[in-house]
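So the structure is just underneath, and the comments pick up after that.
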2 protein chains.
Amino acid sequence: MTTITDIALALGITPSTVSRALAGNPRVKEQTRLAVEKKAAEMGYERNIVASNLRKGRSNIVGIVVPRVRREFFANFIGGAEDVLARAGYNVIICQSHENLDDEIKALKALKNYRAAGVIISHSIESQDGGHIRDIMGNLPIVQFDRVFPDLPGAKVVGANCDGAYQATKHLIEKGYKRIGTIAGYMSCMAFVERLAGYRMALEDAGLRYDGSLVYPESILYESGKESARKAIADGCDALYCCGDYAALGAMDAAREAGLSIPDDFGIVGTADEFWAAIMTPSLSSLGQHPFDMGQAAARAFLDGRTGTEVIPMELHARQSSNKH
Amino acid sequence: MTTITDIALALGITPSTVSRALAGNPRVKEQTRLAVEKKAAEMGYERNIVASNLRKGRSNIVGIVVPRVRREFFANFIGGAEDVLARAGYNVIICQSHENLDDEIKALKALKNYRAAGVIISHSIESQDGGHIRDIMGNLPIVQFDRVFPDLPGAKVVGANCDGAYQATKHLIEKGYKRIGTIAGYMSCMAFVERLAGYRMALEDAGLRYDGSLVYPESILYESGKESARKAIADGCDALYCCGDYAALGAMDAAREAGLSIPDDFGIVGTADEFWAAIMTPSLSSLGQHPFDMGQAAARAFLDGRTGTEVIPMELHARQSSNKH
DNA sequence: CACAAATATACAAACGTTTGCAGGATTCTC
DNA sequence: GAGAATCCTGCAAACGTTTGTATATTTGTG
């Protein structure tokens with residue numbers, strides 16, 4: 001592997017000049033810069049990024065910390081972020097917290113240790129606040145997305161959760177459902193808290209009473225969605241706004257098992273607009289997020305050093321599962 | 001940030017001893033090792049991994065190069081690989097080739113530059129052979145998966161493509177379909193070549209003639225699947241084995257648009273067993289891969305320095321789309 | 001032509017670790 | 001108790017960059 005010293009030797013100059021030349025430092029003469037660049041190309045030089053990182057005390061690595069890569073939302077987010085970060089010369093290290101505080105801390109420490117240029121994170125369900133993030137990362141740029149701690153400074157990219165849930169709930173009301181519950185997700189996440197607020201607002205704006213007993217703040221996995229839906233049916237609900245499509249799917253199955261027909265006896269709206277929502281039968285109405293766009297937005301927020309909160313719109317895709325006649 | 005020099009100073013010893021102590025080198029006395037460990041913990045020391053990597057000339061980074069993270073198969077694979085690599089103390093850098101040779105080369109160079117400990121790769125569709133991989137990575141461990149170049153040495157993890165396609169085709173034959181085509185995928189990938197071989201073998205074992213004109217070696221995306229299926233229908237096929245579920249979905253839509261009923265007029269089997277295959281209507285028969293397991297297997301192959309080819313079984317999930325009466 | 005100002009390069013230290021070699025201390029053997 | 005063998009630790013160089021400061025070179029001004 002050729003080093004700047006090799007180039008310097010070949011040209012009869014010093015490594016420092018080579019370094020500056022390659023960095024485009026205006027202190028080196030045009031002529032020598034060209035000579036250096038030519039020689040470097042000739043010798044197949046590639047900057048040793050590890051040495052560079054050590055000396056500079058920071059790397060061109062951006063860490064992305066998510067609960068799980070396998071989840072479609074996060075995979076798409078990563079896709080979007082990687083696209084714009086790679087174009088800007090950054091490399092992306094992926095860390096999974098597995099919804100687990102310890103793993104999250106471990107990941108953040110590893111990133112700190114790599115002198116990552118910044119971290120893009122959606123915190124685990126176990127994390128109660130952003131203290132550990134701030135403690136570990138110090139004043140490194142942090143971009144939070146989807147699940148964000150408002151107290152933590154730095155950029156944030158979130159879906160229009162409140163507005164989206166409002167739309168979804170309003171849609172159910174307009175379709176004529178009378179007793180609408182919600183599978184609300186864990187209240188430790190802002191995203192879910194906001195959706196609940198949107199749900200409530202829609203009810204109240206329509207002159208309906210908000211009833212806390214129709215809020216099922218469980219996980220949004222298939223099984224717990226099904227379980228919550230059973231309770232909702234027992235509680236007399238005729239519709240559910242679900243904060244996740246898998247929970248919505250569970251709710252569908254619960255309704256069917258209870259002998260209810262969808263959408264006439266029971267209406268359902270999910271969230272995320274997974275690919276399959278449109279192709280199943282009955283097709284599932286769902287509130288679409290834009291994970292890929294969010295990833296791009298988060299990456300750009302990092303690159304530009306922006307610091308506010310960016311809200312990515314969500315739109316309702318009304319389909320059969322909520323189309324009461 | 002405390003360094004080994006700080007610890008050495010605090011204990012009145014030298015950095016080299018501290019380094020050795022922390023590395024568990026048997027050349028340092030038990031007693032001093034304990035003292036060092038205590039002090040290190042006390043001072044909140046964490047090894048500067050960048051410096052360590054520079055000195056050692058290699059890092060604990062493993063690169064995973066895939067066409068796209070957003071694809072379920074790859075996202076799940078990465079999930080599996082990350083799980084076992086993280087447990088072994090490695091960090092994972094994700095690179096996307098976007099099915100593009102240039103990006104793949106760029107990614108490999110970046111990984112080489114980071115002195116990655118190894119690379120796990122599924123090559124882009126544009127890559128014709130493994131020459132560039134070998135050229136760039138030199139003798140670094142390379143694990144290939146799914147799409148592999150047989151000429152490239154090193155470990156390989158693949159699905160049982162031939163066997164799987166055989167099962168799928170045999171299933172269609174046994175269900176009574178008479179003229180079975182295949183949406184075969186690009187022939188630049190081993191995986192697809194093997195599946196085609198399995199398809200052919202199943203036909204011939206059943207005494208049916210293999211007809212090259214019923215092989216549609218196009219991409220396996222939805223649109224091209226639909227297009228290929230239109231041709232297949234025009235060619236008189238009554239069933240298709242599709243090398244991807246999205247292509248299978250396209251085929252379904254093409255059949256429906258042609259007024260054929262599934263499964264009675266037209267049978268379809270897909271590949272990958274995406275989540276939605278089971279819940280759509282009619283449900284899609286599909287050949288299940290195990291991307292998460294493959295990820296784990298690939299990571300273990302890397303860790304153990306294994307070098308053979310590991311074959312992960314595929315199983316057929318027979319559902320409505322191929323259930324001719 | 002002398003002196004100042006500007007320009008271009010060289011020198012050397014630093015980033016924090018690892019590691020071959022050497023040397024000091026301890027233990028062992030006869 | 002002398003010598004060898006063993007055990008620990010220290011010294012110093014190295015990994016390849018980057019960068020503050022100093023020096024050398026060129027240019028400009030009166």
Side-chain angles (χ1 to χ4, degrees), chain A residues 1-37 39-40 43-61 89 91 109-110 112-117 138 140, chain B residues 1-37 39-40 43-61 89 91 109-110 112-117 138 140:
Chain A
M1 285 254 156
T2 72
T3 70
I4 51 172
T5 314
D6 298 334
I7 300 178
L9 240 51
L11 291 174
I13 56 178
T14 59
S16 42
T17 303
V18 175
S19 172
R20 278 192 258 261
L22 293 173
N25 188 317
R27 263 169 53 185
V28 356
K29 211 188 337 186
E30 175 82 3
Q31 186 186 329
T32 53
R33 207 199 66 221
L34 259 49
V36 167
E37 279 169 356
K39 203 73 184 174
M43 302 177 73
Y45 170 77
E46 303 221 9
R47 164 197 279 109
N48 181 329
I49 214 147
V50 180
S52 173
N53 288 349
L54 172 61
R55 174 58 228 235
K56 297 208 279 200
R58 72 196 145 72
S59 73
N60 58 343
I61 287 178
N91 284 103
K109 282 191 175 161
K112 177 70 178 178
N113 210 333
Y114 272 110
R115 306 296 186 270
L140 243 82
Chain B
M1 287 253 157
T2 72
T3 70
I4 53 170
T5 313
D6 298 333
I7 300 178
L9 241 51
L11 292 174
I13 57 178
T14 59
S16 41
T17 305
V18 175
S19 172
R20 278 192 262 259
L22 292 173
N25 188 317
R27 265 167 51 183
V28 358
K29 210 182 348 181
E30 174 83 3
Q31 187 186 326
T32 52
R33 207 200 67 222
L34 260 48
V36 167
E37 281 169 354
K39 203 71 184 175
M43 302 176 73
Y45 170 78
E46 305 220 9
R47 160 196 284 112
N48 181 330
I49 213 145
V50 180
S52 173
N53 288 349
L54 172 60
R55 175 58 230 238
K56 296 209 278 200
R58 71 197 143 74
S59 73
N60 58 343
I61 287 178
N91 284 103
K109 283 193 174 158
K112 176 70 177 177
N113 210 333
Y114 271 110
R115 304 298 186 270
L140 243 82

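Every chain is numbered from 1, with letters handed out A, B, ... down the list of sequences.
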In A:T32, A:D6, A:V28, A:I7, the residue satisfying side-chain contact (heavy atoms from CB on, under 4.5 Å) with A:V18 is A:I7
Does B:R115 CZ have over 12 foreign heavy atoms under 6.0 Å away? yes
At under 4.0 Å, does any side-chain N or O of A:T14 touch on OP1 or OP2 of C:dA10? yes
So B:Y114 and A:N60, side-chain hydrogen bond (donor to acceptor under 3.5 Å, both in side chains) or not? Walk me through it. CA-CA 11 Å; B:Y114 271 110; A:N60 58 343; 2.2 Å; yes
Do B:T17 and D:dC8 share a donor-acceptor pair, side chain to base, under 3.5 Å? no
Tell me which of B:V28 and A:T2 sits closer to the 5' end of DNA chain D, going by the nucleotide each one is nearest to. B:V28
Using a cut-off of 4.0 Å on non-hydrogen atoms, how would the nucleic acid contact of A:R47 be classed: base, sugar-phosphate, or nothing? sugar-phosphate
Can you measure B:N53 atom CG to C:dC15 atom P for me and round it to whole angstrom units? 18 Å
Report the distance from atom NZ of A:K29 to atom P of D:dA24, rounded to the nearest whole Å. 17 Å
How long is the line joining CZ of A:R58 and C1' of C:dG16, in whole Å? 17 Å
Within the structure, does a side-chain N or O atom of B:T3 lie under 4.0 Å from either OP1 or OP2 of C:dG16? no
What nucleic acid atoms does A:I13 come within less than 4.0 Å of, heavy atoms only: base, sugar-phosphate, or nothing? sugar-phosphate
Does a nitrogen or oxygen in the side chain of A:T5 sit under 4.0 Å from OP1 or OP2 of D:dG16? no
By nearest atom, which of the nucleotides C:dT19, D:dT19, C:dC21 is closest to the A:K56 side chain? D:dT19
Between atom OH in B:Y114 and atom P in D:dG16, what is the gap in whole Å? 17 Å
Starting from the 5' end of DNA chain D, give me the residue, B:P26 or B:A51, whose nearest nucleotide shows up first. B:P26
Look at the side chain of A:S19 and decide which nucleotide, out of D:dT18, D:dG10, C:dT9, has an atom nearest to it. D:dT18
Taking for each residue the nucleotide of DNA chain C with the nearest heavy atom, is it B:I4 or B:R20 whose nucleotide lies nearer the 5' end? B:I4
Report the nucleotide, chosen from C:dA8, C:dA22, C:dG16, that has the shortest atom-to-atom distance to any side-chain atom of B:R27. C:dA22
Using side-chain hydrogen bond (donor to acceptor under 3.5 Å, both in side chains), reason through B:T14 and B:T17 one step at a time and then give a plain yes or no. CA-CA 6 Å; B:T14 59; B:T17 305; 3.3 Å; yes
Quick one: B:L54 CG to D:dA13 P, roughly how many Å, whole number? 17 Å
In this structure, CZ of A:R58 is separated from CG of A:N53 (nearest 0.5 Å) by 8.5 Å
With a 4.0 Å limit, can you tell me whether B:S52 has a side-chain N or O closer than that to the phosphate oxygens OP1/OP2 of C:dG16? no
d(CG, A:N48; P, D:dT18) in whole Å: 9 Å
Ignoring hydrogens, what is the shortest heavy-atom contact between B:R33 and B:A21? Give both atom names and the distance. CG-O, 3.4 Å
Starting from P on C:dT9, measure out to CD on A:Q31 and report it in whole angstrom. 8 Å
Among C:dG16, C:dA8, C:dC11, the one nearest B:R55 by side-chain distance: C:dG16
